[in-house]
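Read the structure below first, then the notes.
Throughout, protein chains are lettered first and strands after them, A, B, ... in sequence-line order, and every chain is numbered starting at 1.
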Amino acid sequence: MPPLLRLRDPTTLLPSLAAASHLRALHAHLLVSGRLASPSHLAAFLASLAASNHLAYARLVLPRRPATLLAHNALLRALARGPRPGLAFAAFRDLPLPPDHYSLNFLVRAAAALAASAAEGRPAVCTEVNAKLQAVSAHGAAVRCGHAADPHVQSGVLSMYAALGDVAAARAAFAEIACPDVVCVTAMVAALAAGGDVDAARDLFDGMPQRDHVAWSAMIAGYVHVGRSREALMLFDEMLSAGTTVGEATLVSVLTACAQMGALDRGKWVHWYAGSRGMQMSVKLGTALVDMYSKCGAVVTAMEVFESMAERNVYTWTSAVSGLAMNGMGTECLQLFKRMESAGIQPNGVSFVAVLGGCSMAGLVDEGRACFDSMDKYGVDPWKEHYGCMVDLYGRAGRLDDAINFINAMPMEPHEGVWGALLNASRIHNRVDLGKYALDKLLAIESENDAAHVLLSNIYAESQNWKGVCRVRGMMKAKGVKKVPGWSTIEVDGKVHEFFAGSKSHPRYNEIELMLVEMNRRLRLQGYTANTREVLFDIEEEEKEGAISLHSEKLALAFGLIALPEDVEIRIVKNVRVCRDCHDYTKLISKVFNREIVMRDRNRFHHFKGGECSCGDYW
DNA sequence: ATAGGGTTAG
């Protein structure tokens, strides 16, 4: 029987341990049975202590046992995975034995976790500067200790630099690897994609001698990361053809791609596929589904998935809150947010962005203000985005004085989002004076903001100030400000069709043109006339390349009427905001053709039915 | 006897 560990009653040392009676019981059991002398049992015990946040207790136990790397590595691992990965560095420095490749691996993982914290904007855990220092330090330690050639350490170093966003460092580290295995190449593919160079990632991926499902998944995620969702879905099709196993991570990325594109049919197929493969509904998969359904305008289904989930975290709740907000269901959004609070989920900065957006859409000014004020209670410091939301909240509701007072009381320099919100509010409420003021401020920060110029042009147009419109056009020309080309997409039979303003390149353009004529004929019978004022002044945030009847959403709408059965809703996704004329036009189409039309624009959804829109003409 | 790459909300 090995000697028992002598300890004072741990509860007197660590009051917090009193709550964890099972740990004390476990400790006692290990002591009495003598198993604490077994390195593997000790390691497991240390790991469970560290994982349950009883670090001080772990530190107390560890030095009293014979030093083994196994035990110390267990602690390192637990620290690296824990809430404060920085602690692994101190533990590494204090190792009583020379570190092995396991120790280095855990150290590198700790540095990667710090980088992730910094990237997620949690400076309390780690600042960006510190993350860089720690990364270099961990990499240096690996080299110094002679473990830099270990494949596990190598892949860790690559993902660490990827998490830091330092592609150059990742490239340099990758170049040092004589024979990178599939794991290291995949880590490099991910690092390149995370750094924005997806094409380089694709080249590396194409050159891989063998690819497993993780490699495919990394490449698909890379496309999604930079918003190239069409290519992500094409690659997923290739992956299916190649017969590679499809895991949950792949489906999550594919769902994100569907969400970006508004590809509801593809998203539904993924949902079905996951079920047919007997995959359990994990938090991540469920959250991705909620997000996908929301962003495809199928908010009812999104909520059904949400309600059916066995486990939900802050991502899940925030995704649902945000989904209700973007679908214009402000009251429900606020209710769900309150449910989240009651469920004991701590809202974070993103959650507040979501609920403030919902309040703003629904004109719930006082409720939104109360949410903003409650941030303090949750220890969430307002970001510039939250200030932007508040200005939008007051501004949309017509409380422009409150918006301005709010800006003046900001503890930081107002950023472009704040002025943009004020500018938009000025447009909604026809306040040319205020709009000019906001634009001046905005352009002082961002002189080539295309949306800002277009907004000001809209303000002038809506107050019939043609000179002002021409001046803005002149300014844009002089500065070479280019508007983002507008496009609309529509999914038919799982294929996403893309339309640009005035483009005639669709294979079925002849039919589309005939349908446009028919649409215009039937709308004229209803008394509709195109808003020529707005045509003239190009209120649309997209290049005016043809008559107003050729704005991209009208092309998509015409194609939808041709290609989709009558009982199917027409869903259109736009990359910019819908213009007033197209909004009026679509309302009428929904009535005259008796169709439900769902349009997602840059900010929100419009659900058209029977001549009305869910936004109440308020966007 | 400890370890690797890809995955969720703005």
Just checking [X]: base, sugar-phosphate only, or nothing, at a heavy-atom cut-off of under 4.0 Å?
X	value
A:A354	nothing
A:K384	nothing
A:S282	nothing
A:A218	sugar-phosphate
A:V321	nothing

Looking only at side chains, do [X] and [Y] share a donor and an acceptor under 3.5 Å apart?
X	Y	result
A:Y223	A:R202	yes
A:Y293	A:H271	yes
A:E341	A:Y378	yes
A:H152	A:Y102	no

Between [N] ([atom2]) and [X] ([atom1]): distance, integer Å:
X	N	atom1	atom2	value
A:M309	B:dT8	CE	P	14 Å
A:D212	B:dG4	CG	C1'	11 Å
A:L192	B:dG6	CG	C1'	14 Å
A:L235	B:dG6	CG	C1'	12 Å
A:H213	B:dT7	NE2	C1'	11 Å
A:W216	B:dT7	CH2	C1'	18 Å
A:H225	B:dA9	NE2	P	12 Å
A:L336	B:dA9	CG	C1'	13 Å

Out of [options], which nucleotide sits closest to the side chain of [X]?
X	options	value
A:L70	B:dT8, B:dT2, B:dG6	B:dT2
A:N73	B:dA9, B:dT2, B:dA3	B:dT2
A:S319	B:dA9, B:dG5, B:dT2	B:dA9
A:H101	B:dG4, B:dT7, B:dA3	B:dA3
A:Y102	B:dG6, B:dG5, B:dA3	B:dA3
A:N105	B:dG4, B:dT8, B:dA1	B:dG4
A:H152	B:dG5, B:dG4, B:dT8	B:dG4
A:V350	B:dG4, B:dT2, B:dA9	B:dA9

Checklist entry - Under 3.5 Å, is there a donor-acceptor pair between the side chain of A:R77 and the main chain of A:S103? => result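 Not a single qualifying donor-acceptor pair exists.
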
Item to check | Closest-nucleotide ordering on DNA chain B, the 5'-leading residue of A:E120 and A:V153 | outcome: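 Per heavy-atom nearest nucleotide, the more 5' residue is A:V153.
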
Does any N or O donor sit under 3.5 Å from an N or O acceptor when you compare the side chain of [X] with the base of [N]?
X	N	answer
A:N313	B:dA9	no
A:D181	B:dG4	yes
A:S155	B:dG5	no

Next on the checklist: Give the residues of residues 368-381 of chain A touching DNA chain B, defined as any heavy atom closer than 4.0 Å, sorted by residue number.
Outcome noted: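 Residues of residues 368-381 of chain A under 4.0 Å from DNA chain B: none.
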
Checklist entry - Thinking salt bridges, do A:R266 and A:D237 make one under a 4.0 Å N-O criterion? => result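 Here A:R266 pairs with A:D237 in a salt bridge, since their nearest N and O are under 4.0 Å apart.
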
Item to check | Atom CZ of A:R339 with >12 non-hydrogen neighbours under 6.0 angstrom | outcome: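 Yes, CZ of A:R339 has more than 12 neighbouring heavy atoms, counting only those of other groups under 6.0 Å.
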
Checklist entry - After noting the C-alpha distance and the side-chain angles of A:D197 and A:R171, does the key distance pass the salt bridge (Lys or Arg N to Asp or Glu O under 4.0 Å) rule? => result CA-CA 12 Å; A:D197 198 347; A:R171 278 184 195 271; 3.4 Å; yes

Next on the checklist: With a 4.0 Å limit, can you tell me whether A:R77 has a side-chain N or O closer than that to the phosphate oxygens OP1/OP2 of B:dA1?
Outcome noted: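 So the side-chain polar atoms of A:R77 never come under 4.0 Å of the phosphate oxygens OP1 or OP2 of B:dA1.
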
Next on the checklist: With a cut-off of less than 4.0 Å, is there a side-chain N or O of A:R81 near OP1 or OP2 of B:dA3?
Outcome noted: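 A:R81 to B:dA3 OP1/OP2: side-chain N or O found under 4.0 Å.
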
Item to check | Pair A:H27 + A:F45: ring centers closer than 6.0 Å | outcome: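 Yes - the distance between ring centres of A:H27 and A:F45 falls below the 6.0 Å cut-off.
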
